[in-house]
Amino acid sequence: MTDITLIVAAAQNGVIGDKGTIPWRIADDLKRFKALTMGNPIIMGRKTWDSLPKKPLPGRTNIVITRQPDWSADGAVTAHSLPDAIAKAGEAEEIFVIGGAEIYAAALPLATCVELTEVHRAYDGDAVLPELEGEWQEMGREGHQQEDGLAYSFVTLERVS
């Protein structure tokens with residue numbers, strides 16, 4: 001069975017984005033994201049695709065879910081639903097869901113793991129991480145702080161039930 005992992009950075013008030021951008025800059029979070037997702041399929045919504053500074057993300061199958069029937073982009077596999085995206089990921093051992101909020105909400109019931117970067121500050125934003133419903137067990141936590149004082153933690157959660 002394929003594991004589905006949500007990988008997300010969220011502010012303490014749940015904000016994950018604002019106007020198509022991430023409201024903070026944490027270089028170590030981007031390095032962790034790359035290390036965890038490299039070699040695995042990544043599923044995202046079309047707005048998340050549009051927000052990527054480099055398209056496609058190299059070393060990963062980029063699967064984009066869109067409602068637009070004629071949408072396509074170089075380097076992206078187009079899907080029109082989460083089940084379609086999962087099917088297009090093939091026989092991968094692990095699939096990473098990288099956003100945005102609607103895609104996280106759809107994938108959450110299927111997720112077996114959440115790789116969460118907790119940003120220990122509130123931010124204004126228009127995209128919020130859905131509540132992590134179900135029972136989750138914290139499997140690991142690493143606290144960090146940037147030179148500018150921004151504190152954050154890398155947290156691994158696994159579904160209990």
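Being a predicted model, the structure only gives us computed values, none of them experimental.
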*Asks:* Please check if Val114 and Ile95 belong to a single hydrophobic cluster, counting links between Ile, Leu, Val, Met, Phe, Trp and Tyr side chain heavy atoms closer than 4.5 Å.
*Replies:*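 Yes, Val114 connects to Ile95 through the hydrophobic network.
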*Asks:* Identify whether Val97 and Trp136 are in the same connected component of the hydrophobic contact network (ILVMFWY, side-chain heavy atoms under 4.5 Å).
*Replies:*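 Looking at the clustering, Trp136 is in the same group as Val97.
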*Asks:* May I ask you to test the Thr117-Phe33 pair for a side-chain heavy-atom distance under 4.5 Å?
*Replies:*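 The answer is no; the side chains never approach within 4.5 Å.
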*Asks:* Do Asp18 and Tyr123 have side chains that get closer than 4.5 Å, going by heavy atoms?
*Replies:*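 Contact flag for Asp18/Tyr123 side chains = no.
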*Asks:* With rounding to the nearest 0.5 angstrom, report the CD1 to CG distance, Ile42 to Asn40.
*Replies:*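 That separation rounds to 9.5 Å.
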*Asks:* Say whether, by atom type as modelled, one donor and one acceptor occur between the side chain of Thr2 and the main chain of Ala92 under 3.5 angstrom.
*Replies:*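 The answer is yes, because a donor-acceptor pair under 3.5 Å joins these two groups.
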*Asks:* More than 12 heavy atoms of other residues, nucleotides or ligands under 6.0 Å from CZ of Arg141: yes or no?
*Replies:*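 More than 12 heavy atoms, drawn from other residues, nucleotides or ligands, come within 6.0 Å of this atom.
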*Asks:* Which is it for Arg121 and Asn13 under the side chain to side chain contact (heavy atoms under 4.5 Å, CB included) test, yes or no, and what are the steps along the way?
*Replies:* CA-CA 8 Å; Arg121 190 173 129 191; Asn13 60 343; over 6 Å; no
*Asks:* So if you build clusters from Ile, Leu, Val, Met, Phe, Trp, Tyr with side-chain heavy-atom gaps below 4.5 Å, do Leu108 and Leu82 land together?
*Replies:*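 Linked within one cluster.
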*Asks:* So how far is it from Thr21 OG1 to Asp126 CG, rounded to the nearest 0.5 Å?
*Replies:*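 Spacing of OG1 (Thr21) from CG (Asp126) equals 8.0 Å.
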*Asks:* Which atom pair, heavy atoms only, marks the closest approach of Ala101 to Pro130?
*Replies:*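 The pair with the smallest heavy-atom distance is O-CG, 4.0 Å.
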*Asks:* Under 3.5 Å, is there a donor on one side chain and an acceptor on the other for Thr112 and Arg159?
*Replies:*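 No, Arg159 and Thr112 have no side-chain donor paired with an acceptor closer than 3.5 Å.
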*Asks:* Is the shortest heavy-atom distance from the side chain of Ile26 to the side chain of Val119 under 4.5 Å?
*Replies:*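 Ile26 vs Val119: side chains touch.
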*Asks:* Would you say the side chains of Gln146 and His144 form a donor-acceptor pair under 3.5 Å?
*Replies:*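 Short answer, no.
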*Asks:* Give, for atom CZ of Arg32 and atom OG1 of Thr37, the distance between the pair rounded to the nearest 0.5 Å.
*Replies:*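 One finds 11.0 Å between CZ of Arg32 and OG1 of Thr37.
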*Asks:* Looking at Thr48 and Gly100, what are the two nearest heavy atoms and their distance?
*Replies:*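 In this case the closest contact between Thr48 and Gly100 is OG1-N, 2.9 Å.
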*Asks:* Just wondering, are more than 12 heavy atoms of other shown residues or ligands nearer than 6.0 Å to CG in Asp148?
*Replies:*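 Atom CG in Asp148 is packed in, count exceeds 12.
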*Asks:* Go through the side-chain N and O atoms of Ser153 and His120 and say whether any donor and acceptor fall under 3.5 Å apart.
*Replies:*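 Result is yes, a qualifying pair exists.
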*Asks:* Cluster question for you: counting only ILVMFWY and a side-chain heavy-atom cut-off of under 4.5 Å, with indirect links fine, are Ile43 and Ile22 together?
*Replies:*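 Each belongs to a different hydrophobic cluster.
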*Asks:* Does one hydrophobic cluster hold both Ile65 and Leu110, with members joined at side-chain heavy-atom distances below 4.5 Å?
*Replies:*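 Ile65 and Leu110: one cluster.
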*Asks:* Nearest 0.5 Å please: distance from the OH atom of Tyr152 over to the CD atom of Gln12.
*Replies:*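 Taking OH in Tyr152 and CD in Gln12, the distance rounds to 16.0 Å.
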*Asks:* Any side-chain heavy-atom pair from Leu52 and Leu57 closer than 4.5 angstrom?
*Replies:*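 Yes. Closest side-chain heavy atoms under 4.5 Å.
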*Asks:* Between atom CG of Asp28 and atom CD of Glu142, what is the distance when rounded to the nearest 0.5 Å?
*Replies:*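 Reported to 0.5 Å precision, the distance equals 9.5 Å.
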*Asks:* Do the side chains of Asp3 and Glu93 get nearer than 4.5 Å, heavy atoms only?
*Replies:*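 A side-chain contact under 4.5 Å is absent here.
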*Asks:* So, do Phe96 and Leu36 sit near enough that their side-chain heavy atoms are less than 4.5 Å apart?
*Replies:*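 Side chain of Phe96 against side chain of Leu36, heavy atoms only: contact under 4.5 Å found.
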*Asks:* Of all the heavy-atom pairs spanning Ala111 and Leu6, show the shortest one and how long it is.
*Replies:*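 Looks like CB-CD1, 3.4 Å.
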*Asks:* Identify the two heavy atoms, one from Leu157 and one from Glu138, that lie closest to each other, and give their separation to 0.1 Å.
*Replies:*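 Heavy atoms only, the tightest pair is CD2-CA, 3.7 Å.
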*Asks:* Could you report the tightest heavy-atom contact between Ala9 and Trp24, atom names first, then the distance?
*Replies:*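 Nearest heavy atoms, Ala9 then Trp24: O-CZ2, 3.6 Å.
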*Asks:* Using a 4.5 Å cut-off on heavy atoms from C-beta on, say whether the side chain of Lys55 contacts that of Trp49.
*Replies:*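 In short, these two side chains touch, coming nearer than 4.5 Å.
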*Asks:* With a 4.5 Å cut-off on side-chain heavy atoms, are Asn62 and Arg60 touching?
*Replies:*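 Yes, at least one pair of side-chain atoms sits under 4.5 Å.
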*Asks:* Please, which pairs that meet side chain to side chain donor-acceptor pair (under 3.5 Å) have at least one residue in residues 63-89, sequence neighbours excluded?
*Replies:*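 Qualifying pairs, neighbours excluded: Arg67-Glu102.
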*Asks:* How close do Ile16 and Ala10 get, counting heavy atoms only, and between which atoms?
*Replies:*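 Looking at all heavy atoms of both residues, the closest pair is CG2-CB, 3.8 Å.
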*Asks:* Can Thr156 and Glu115 be counted as having a side-chain donor-acceptor contact under 3.5 angstrom?
*Replies:*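 Distance-only check passes for Thr156 and Glu115.
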*Asks:* For the backbone of Ile98 and the side chain of Tyr104, can you confirm whether one donor and one acceptor N or O come within less than 3.5 Å of each other?
*Replies:*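 Yes; judged by distance alone, with no hydrogens or angles, the pair exists.
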